[in-house]
Chemist: 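The structure follows.
Letters go in sequence order (proteins before strands), and every chain restarts at 1.
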There are 2 protein chains.
Amino acid sequence: MADLHKTRALQLLHRIVLPLDRALQAADRQTGCSAAQLQALSVIHYLKADTIGRLAAHERISVPTASRLVEGLVQRGLARRVEGRDRRTSVLAVTEQGLAAVEAACAAREAVLMDLFEGLGEEEWRGLRATAGALARELGVGPEAARADD
Amino acid sequence: MADLHKTRALQLLHRIVLPLDRALQAADRQTGCSAAQLQALSVIHYLKADTIGRLAAHERISVPTASRLVEGLVQRGLARRVEGRDRRTSVLAVTEQGLAAVEAACAAREAVLMDLFEGLGEEEWRGLRATAGALARELGVGPEAARADD
DNA sequence: TCTTTTCATTAGCCATGCTAATTGTTAGCA
DNA sequence: TGCTAACAATTAGCATGGCTAATGAAAAGA
């Protein structure tokens, strides 16, 4: 496919991200679990990215950002630090409450999107699913990436 | 299409937004024009959302947030306030420099995505384009929404 | 043992969401 | 005319989440 066609697709895509993010933020405000926290919990739990460093690497964020993120999760009781052999690091684990928060946050986020995309047609829903799957794969995102990752 | 299929699509989609946003933020840091600013400039210019209130309404953000966003644009010389009849409002306009910034920011953002999605196949690129178009339409996003909007 | 490397935290910057309260202007009506 | 109500925007203040630079503390290696 010509690069021009790809560029056209990306022109559309990059403008979509901000409004989607804003809409999802609204959902997150209801559940009290932000996108970054939700994603961190998922990655810690499903992908066993159980140290600050691994979390930062997988999420492609800086170590200090990951550190602060986890600090927030621990304070909210969504994650806890387990001591390991190396006392420079602490192994992370998601709590029961954390798992419940992930469930709730995902449901709320999906509900917001469902409302937002009422106008999509049958064919477009199928396309969305296929495309979302492809992008998730490229980005290494989601619980199902557990097997394909690392 | 069954709701379950839609839910599956949305499960994938909502997890994609954060990593995409982070990747685009990196591009924005290079150009010095953030996603919110870029979008605001586009909307002011192409959609004639030329007051704080209209900008906030179209972007679905609060009026104070829009106000501060525009303040930043003006300070950077990307937009300016033109006095109108009603002295409670000022009409907004994008400067030459602002238009150039939009161009540069879009190019940088598209380049980042192009790298990110190297692994997509032909068919997936076609799907992405169609899907992105549909979502952009639903979200009322992009210059081409000018005719379909308001 | 002493130095270097590694992992994480702290401090501090900036942007962008929000709500509540304030300011300033216009419009409406007695 | 002049008071009041409605409206548009700003200011103030809170929270989150990116970043870099500097610091601490533990492990590894010479």
Side-chain angles (χ1 to χ4, degrees), chain A residues 17-41 44 49-76 78-79 81-92 105 112, chain B residues 17-41 44 49-76 78-79 81-92 105 112:
Chain A
V17 174
L18 178 62
L20 271 184
D21 190 48
R22 283 172 174 157
L24 290 171
Q25 270 186 40
D28 296 338
R29 249 171 257 127
Q30 301 305 311
T31 62
C33 188
S34 74
Q37 292 177 338
L38 167 64
Q39 193 62 24
L41 287 172
I44 292 168
D50 55 0
T51 67
I52 298 291
R54 279 199 271 272
L55 174 61
H58 186 274
E59 291 294 282
R60 293 192 183 95
I61 59 181
S62 69
V63 168
T65 295
S67 177
R68 193 179 41 194
L69 205 46
V70 167
E71 179 57 28
L73 292 175
V74 170
Q75 278 185 3
R76 283 170 174 75
L78 306 181
R81 301 174 204 260
V82 187
E83 58 181 38
R85 284 156 204 161
D86 189 333
R87 264 181 303 179
R88 283 172 304 183
T89 79
S90 39
V91 176
L92 306 173
V112 161
Chain B
V17 174
L18 176 63
L20 272 184
D21 190 49
R22 284 172 174 156
L24 291 171
Q25 270 186 39
D28 294 339
R29 248 170 259 128
Q30 300 306 311
T31 62
C33 188
S34 74
Q37 292 176 338
L38 167 65
Q39 193 63 26
L41 287 172
I44 292 167
D50 56 0
T51 67
I52 297 290
R54 278 199 271 272
L55 175 60
H58 185 273
E59 292 292 283
R60 293 193 184 94
I61 58 180
S62 68
V63 168
T65 295
S67 177
R68 191 180 42 195
L69 205 46
V70 167
E71 179 59 26
L73 292 175
V74 171
Q75 278 186 1
R76 283 170 174 74
L78 306 181
R81 301 173 203 263
V82 187
E83 58 181 36
R85 282 156 205 160
D86 190 333
R87 264 181 303 178
R88 283 174 303 185
T89 79
S90 41
V91 175
L92 305 173
V112 162

Chemist: Could you state the atom-to-atom distance from CG of B/Leu73 to C1' of C/dT16 in whole Å?
Modeler: 13 Å
Chemist: Partners of B/Thr31 by side chain to side chain donor-acceptor pair (under 3.5 Å), sequence neighbours excluded?
Modeler: none
Chemist: Counting primed atoms plus P, OP1 and OP2 as sugar-phosphate and everything else as base, spell out the protein contacts along nucleotides 1-10 of chain C at 4.0 Å heavy-atom distance: B, S or - for each nucleotide, 5' to 3'.
Modeler: -----BSSBB
Chemist: Taking all heavy atoms of B/Ala27 and all of B/Val112, pick out the closest pair and write down the distance.
Modeler: CB-CG2, 3.5 Å
Chemist: Distance check needed: D/dC19 C1' versus A/Leu69 CG, whole Å only.
Modeler: 14 Å
Chemist: Do you know the tightest heavy-atom contact between B/Ser90 and B/Arg81?
Modeler: OG-CD, 3.7 Å
Chemist: What residues from residues 26-35 of chain B pass a heavy-atom cutoff of under 4.0 Å to DNA chain D?
Modeler: B/Arg29
Chemist: Measure from CD on A/Gln37 to P on D/dG18 and round the result to the nearest Å.
Modeler: 10 Å
Chemist: Hey, could you give me the CD1/CG distance between A/Ile44 and A/Leu55, rounded to the nearest 0.5 Å?
Modeler: 5.0 Å
Chemist: With B/Gln30, which residues qualify under side chain to side chain contact (heavy atoms under 4.5 Å, CB included), at least two apart?
Modeler: none
Chemist: To the nearest Å, how far apart are A/Arg22 CZ and C/dA15 P?
Modeler: 16 Å
Chemist: To the nearest 0.5 Å, what is the distance between OG1 on B/Thr89 and CZ on B/Arg54?
Modeler: 8.0 Å
Chemist: For residues 19-29 of chain B, pull every pair meeting side-chain hydrogen bond (donor to acceptor under 3.5 Å, both in side chains), keeping only residues two or more places apart or in separate chains.
Modeler: A/Glu59-B/Arg22, B/Asp21-B/Gln25, B/Gln25-B/Arg29, B/Asp28-B/Arg109
Chemist: Grab the two heavy atoms, one from B/Leu73 and one from B/Ala40, that are nearest each other, plus how far apart they are.
Modeler: CD1-CB, 4.0 Å
Chemist: What is the distance from CD of B/Gln25 to P of D/dT16, rounded to the nearest Å?
Modeler: 17 Å
Chemist: So, OP1 or OP2 of C/dT23: does either fall under 4.0 Å of a side-chain N or O from B/Arg87?
Modeler: no
Chemist: What nucleic acid atoms does B/Leu24 come within less than 4.0 Å of, heavy atoms only: base, sugar-phosphate, or nothing?
Modeler: nothing
Chemist: Tell me the interatomic distance from B/Gln39, atom CD, to C/dA15, atom C1', rounded to whole angstroms.
Modeler: 16 Å
Chemist: Nearest to the B/Thr65 side chain among C/dG17, D/dA27, D/dG18, which nucleotide is it?
Modeler: C/dG17
Chemist: Check every strand shown and say whether A/Leu18 touches a base, only sugar-phosphate, or nothing at a heavy-atom separation below 4.0 Å.
Modeler: sugar-phosphate
Chemist: Given atom CD1 of B/Ile61 and atom P of C/dT16, what is their separation to the nearest angstrom?
Modeler: 10 Å
Chemist: Could you state the atom-to-atom distance from CD of B/Glu59 to P of C/dC18 in whole Å?
Modeler: 11 Å
Chemist: With sequence neighbours left out, what residues match B/Arg68 under side chain to side chain donor-acceptor pair (under 3.5 Å)?
Modeler: none
